[in-house]
Amino acid sequence: MAVSKKQLLKQTDCQNAFCHVILPKDEVVVGRPPAGCPVSKPNTIWKLNKTLYCLHRLPLHWFNHISAALKAIGLSSCPNASCLFMAP
């Protein structure tokens, strides 16, 4: 598509992107701290603020997060491939 419109093509790879996505406010995920954690009392449960690799909805959270950021800088998603973002 970029070649047919004579546009410059740029791409990037996000490493560890899944580790930095904040959970939506309407989704609550809890987990136990690691065994022997010095800052947690026994039988403690943590409420997580960020996603973990084991969550099934993690790719959706990441896509919603990165999609909002790309749209905020003026890019728009392609109607045929929602993971492809283009400059207007």
Side-chain angles (χ1 to χ4, degrees):
M1 184 184 296
V3 173
S4 66
K5 293 185 177 186
K6 297 181 181 170
Q7 293 180 336
L8 179 64
L9 178 64
K10 293 183 181 181
Q11 67 182 35
T12 186
D13 184 23
C14 300
Q15 300 206 0
N16 295 327
F18 282 2
C19 295
H20 303 289
V21 178
I22 297 172
L23 287 167
K25 292 186 188 281
D26 62 340
E27 188 166 338
V28 177
V29 178
V30 295
R32 291 191 175 271
C37 179
V39 296
S40 296
K41 296 177 183 174
N43 299 321
T44 300
I45 294 180
W46 289 346
K47 177 184 175 281
L48 303 178
N49 294 323
K50 293 191 176 188
T51 57
L52 297 174
Y53 277 106
C54 60
L55 296 178
H56 295 296
R57 295 175 46 88
L58 176 61
L60 177 63
H61 293 319
W62 181 82
F63 178 76
N64 290 340
H65 183 75
I66 193 72
S67 177
L70 292 173
K71 288 178 181 178
I73 63 171
L75 299 177
S76 60
S77 62
C78 179
N80 299 327
S82 60
C83 62
L84 176 65
F85 288 85
M86 304 177 300

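All values below come from the heavy atoms of this structure, side chains included, with hydrogens, waters and symmetry mates left out.
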Check which hydrophobic residues are tied to Val28 through side-chain heavy-atom contacts below 4.5 Å, counting indirect links as well, and list them.
-> Val30, Ile45

For residues 31-44, dump all side-chain donor-acceptor pairs below 3.5 Å to protein atoms at least two apart in sequence or in another chain.
residue	atom	partner	partner atom	Å
Ser40	OG	Trp46	NE1	3.1
Thr44	OG1	Lys41	N	3.3
Thr44	OG1	Lys41	O	2.4

Where Ser77 and Lys71 come nearest, the two heavy atoms and their spacing = OG-CE, 4.2 Å

Mind checking side-chain contact (heavy atoms from CB on, under 4.5 Å) for Leu70 and listing every partner two or more places apart, or none if nothing turns up?
-> Ile66, Ile73, Leu75, Phe85

